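These notes are about the structure you will find just below.
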There are 2 protein chains.
Amino acid sequence: MEDYIRILKGTKLFSGIAEDEISLMLSCLDAHLREYRKGEYVFRQGEYISTIMMLVDGELHIQQDDYWGNRSIISHISAGDMFGEAYIAPESGALLNDVVAVEDSTVIFLDAKKIMTVCSSACRFHSIVVQNLFFAISEKNRKLVMKLGHISKRTTREKLISYLSAESRRQNSSDFTIPFNRQQLADFLSVDRSAMSNELCRMRNEGLLRFDKSRFTLLLPEKN
Amino acid sequence: MEDYIRILKGTKLFSGIAEDEISLMLSCLDAHLREYRKGEYVFRQGEYISTIMMLVDGELHIQQDDYWGNRSIISHISAGDMFGEAYIAPESGALLNDVVAVEDSTVIFLDAKKIMTVCSSACRFHSIVVQNLFFAISEKNRKLVMKLGHISKRTTREKLISYLSAESRRQNSSDFTIPFNRQQLADFLSVDRSAMSNELCRMRNEGLLRFDKSRFTLLLPEKN
DNA sequence: TACCTTTTGTTGTAAAAACAACTGATATGT
DNA sequence: ACATATCAGTTGTTTTTACAACAAAAGGTA
C-alpha cells in the first residue's frame, strides 16, 4: 500500500494532502488493496458497491453489454483515476457496468461511508478529502453536460459548431488549439472521421472558420 | 421565505429534514430569496457563482448561445429542482450557460461555502444536507453517463437498443414501461420522432421487441 | 535519401436520418 | 355526441451520414 502513496498524492481526491497525512488517512478510510490480472473483472454489472476505488497501476475498461449481447466501452481508466464515486449513494442501485482489467492492475478500495462521515479521530484533513471528492464529481458533471450538449446536436456541422464554440469560449479567444487530432475529435463527438473532415472543409470554404492541424480560428460572417 | 419551507422539504437537498429544522438551517446557510419576472435572466454566461439555487416557484431554462448566435435549450428546471451545484468548486470557472425565467419565478440562494463547511453552531442536520448534496450530484452524474451512452450510438436503432436495454436492466424485466411518450423519447435520444417511430416498427417486424404505448417487451431472437 | 507511418483531406456509393405532410386512433372537455 | 387536441404510425422526398478506398502531406528513422 505504502508503495502507492506517491500516486495517491497526485490524484484529485488527495489533492492538497501531504504524503504522510495520506498514509495516516488510509487506515482511517479502511483502505485495502487488490491486484487483478489482465482480463479479470473488478466488478460486474448488478453488483452493489460501498467503496470508492483508486486505480494506482494498470488500466481498466468500464464496459457494458446490451440485452442482445453487444459490448460497448463506456470509459477508460488510467492510473491515478478514481471510479465508482457516483455509486456510493444508498439509492444508487446496482452497477450498470462491468469493470474489467485490460492490463494487470492494482486497485485501492476506500470505504465510502468512512469518507462521507467526518471521523472523530485525528484526521485533520478529512474534511479536505470530502471537499475534494465533491469537487471531483462536480467536474465530471460539468464535463458530461458539456459533452452531452455537443453530441445531442443532430448534424455533424452542429456538433462541430457546438464544440468549437465552447472551446473558443473556454479559451477566451476565437483562435485556439484543441486537445484532439481528427480521429479523436470524431470519436469524442461520435461521428465518422471522414464525414467530419468533409464538413470541416465545407465550413472553411463557406468562411465560417480557418484551421491548421489542431489550431482553429472562428470567423464571423462578412457583412455584404 | 417561510412560505416555501414545504417546497424545500420535498427537495433532494433537504430530504430527511423536518420543516422546523429547515427553517433553522436557512439562516445558517445565509439563504436569501429573489423573484424574477418572465424573461429575466437569473445568471448569464461568464458569471461566477458561489451559491446553490433552489427553484421554489416558476420555471427556468438553462440555455446556451453559440459563437454564431444560435440558441439551444440545455435543460428545464421546475419548482423543487436544484441548480448550480456543479459550479461551486473554486476551479469550476465561469458559468457556460444562461439561466432565464420562462415564467415568473422565485429562487432561493444558499451559500455554497456554508453548506460545504460544517458549522460550529446548532445545525445538527448540516451533515445530512452535505450528504444529500453529494448524493444528488451523484445521481445526476449516473443519469448523464447513461444518457451519454445512449446518445453516442450512431444509428437510431442502436440508440433505442441502448436505452431499452438499460431500462430493462433497471427494471429487472424484459417487460417494462418507460416514462416518455414518443416525442419525449425522441427528444431524449435526440433523434427525429417519425424516424424513430419508423425504426421501432421495423424492429417490431423483425421480432426484436413488442410494444404498446409506453410499455415495451424485449424479445430474444428465435432459434432456427 | 528512401522508406514507413500517421494524419488529414477527397471522392463515390449506399444507407440512414431529417423533414414535411397526412392518416387514424385515442383521449378530453363541453 | 361533437369538436378539439394529442399521440403514434406511415409515406415520400431531400439531406446527411457512414463506409470504404484512396491520395497527399507531414514526420520519424534507418
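In the text below, chain A, chain B and the rest are named by the order of the sequence lines, each starting its count at 1. Because the structure is predicted, anything quoted here is derived from the model rather than measured.
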Just how far, in rounded Å, is P of D:dA5 from CG of B:Asn181?
18 Å
Side chains of B:Asn132 and B:Thr11: closer than 4.5 Å at any heavy-atom pair?
no
In whole Å, I'd like the distance from the CZ atom of B:Arg182 to the C1' atom of C:dT26.
14 Å
In plain terms, say whether A:Lys38 and A:Asp104 are close enough for a salt bridge, that is, a side-chain N and a carboxylate O under 4.0 Å apart.
no
Rounded to 10°, the angle between the first-five-pair and last-five-pair axes of the helix from C:dT1-D:dA30 to C:dT30-D:dA1 is 40°
Atom CG of A:Asp212 and atom C1' of C:dT7 are separated, to the nearest Å, by 12 Å
Rounding to a whole Å, what distance do you find between A:Gln183:CD and C:dT6:P?
13 Å
Parallel, tilted or perpendicular, as decided by the 30° and 60° cut-offs, for the rings of A:Tyr163 and A:His150:
perpendicular
Could you state the NZ-P distance from B:Lys213 to D:dT6, rounded to the nearest angstrom?
16 Å
Any salt bridge linking A:Glu206 with A:Arg157? Criterion: basic side-chain nitrogen under 4.0 Å from a carboxylate oxygen.
yes
Could you run down nucleotides 16-21 of chain C 5' to 3' and tag each one B, S or - for protein heavy-atom contact under 4.0 Å?
-SSBB-
What residues, two or more places apart in sequence or in another chain, satisfy side chain to side chain contact (heavy atoms under 4.5 Å, CB included) together with A:Ser50?
none
Looking at B:Glu199 and B:Lys159, is any side-chain nitrogen of the basic one under 4.0 Å from a carboxylate oxygen of the acidic one?
no
From CZ of B:Arg215 across to C1' of D:dA8 the rounded distance in Å is 18 Å
Need one value for B:Phe211: base, sugar-phosphate or nothing, where a base atom within 4.0 Å counts as base even if backbone is also close, heavy atoms only.
sugar-phosphate
Does a salt bridge link A:Arg142 with A:Glu139, judged by any charged N lying under 4.0 Å from a carboxylate O?
no
Assign the ring pair B:Phe109 / B:Phe43 to parallel, tilted or perpendicular, where the plane angle (0 to 90°) is split at 30° and 60°.
perpendicular
When rounded to whole Å, the CD to C1' distance for the pair B:Glu158 and D:dA18 reads 11 Å
Please give, in whole Å, the distance from D:dT11 P to B:Asn205 CG?
11 Å
Considering only NZ, NE, NH1 and NH2 on the basic side and carboxylate oxygens on the acidic side, decide whether A:Glu85 and A:Lys12 come within less than 4.0 Å.
no
